[in-house]
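One-based numbering along the sequence shown. Quantities reported herein were computed from a predicted structural model and do not represent experimental measurements.
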Amino acid sequence: GNFSFTFPSLSLQPDAAAATPSPSPVAGVPAETIGEQDQAADLPPPSKLLSRTQSITDKDDIRTSSEHMATNVLDSFGAALQWRAKTWIKSLAHVLALKEE
């Protein structure tokens with residue numbers, strides 16, 4: 001029979017919507033672009049980036065695609081933690097500046 005496996009990309013990379021995974025994992029968002037991503041109006045929100053679907057039709061690609069999903073989850077989680085830390089630092093700096101006035 002025909003085999004088809006569809007799964008979410010779980011990646012924050014804008015180009016991760018390719019139909020078939022490449023041999024190398026899709027990297028996470030570099031730390032230096034986290035703040036820039038918030039200001040980029042042309043990028044979709046993270047929820048749309050993470051939920052884009054990919055499909056494979058070869059059973060041998062299941063392992064590769066699961067490795068991609070695992071790598072993308074870790075990269076996305078790391079990007080979220082970095083974003084949260086930057087937001088917290090910015091908020092703390094603002095509160096401290098207000099207290100100094």
As an exercise, state the distance from [atom1] of [X] to [atom2] of [Y], rounded to the nearest 0.5 Å.
| X | Y | atom1 | atom2 | result |
| --- | --- | --- | --- | --- |
| Thr64 | Met69 | OG1 | CE | 11.0 Å |
| Phe5 | Ile62 | CZ | CD1 | 6.0 Å |
| His68 | Ile56 | NE2 | CD1 | 9.5 Å |
| Ser65 | Asn72 | OG | CG | 11.0 Å |
| Ser9 | Arg52 | OG | CZ | 4.0 Å |
| Ser11 | Gln54 | OG | CD | 8.0 Å |

Does any part of the side chain of Arg84, heavy atoms only, come nearer than 4.5 Å to the side chain of Thr87, both counted from C-beta?
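A side-chain contact exists here, since the closest heavy-atom pair is under 4.5 Å.
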
Which pair of heavy atoms, one from Leu50 and one from Pro8, lies closest together, and at what distance?
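That closest heavy-atom pairing would be O-CB, 3.9 Å.
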
Do you know which two heavy atoms are closest between Ala79 and Leu12, and how far apart they sit?
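That closest heavy-atom pairing would be CB-CD1, 3.7 Å.
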
Hey, is the main chain of Arg63 close enough, under 3.5 Å, to the side chain of Ser66 for a donor-acceptor pair?
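Present.
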
Backbone of Leu10 reached by a side-chain donor or acceptor of Ser51 within 3.5 Å:
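The answer is no, because no donor-acceptor pair under 3.5 Å joins these two groups.
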
Side-chain cluster (under 4.5 Å, hydrophobic types only) that Leu92 belongs to, other residues:
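ILVMFWY cluster around Leu92 also holds Trp88, Ile89, Leu96.
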
Excluding sequence neighbours, so at least two apart, what forms side chain to side chain donor-acceptor pair (under 3.5 Å) with Thr6?
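Only Ser55 meet the side chain to side chain donor-acceptor pair (under 3.5 Å) criterion with Thr6.
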
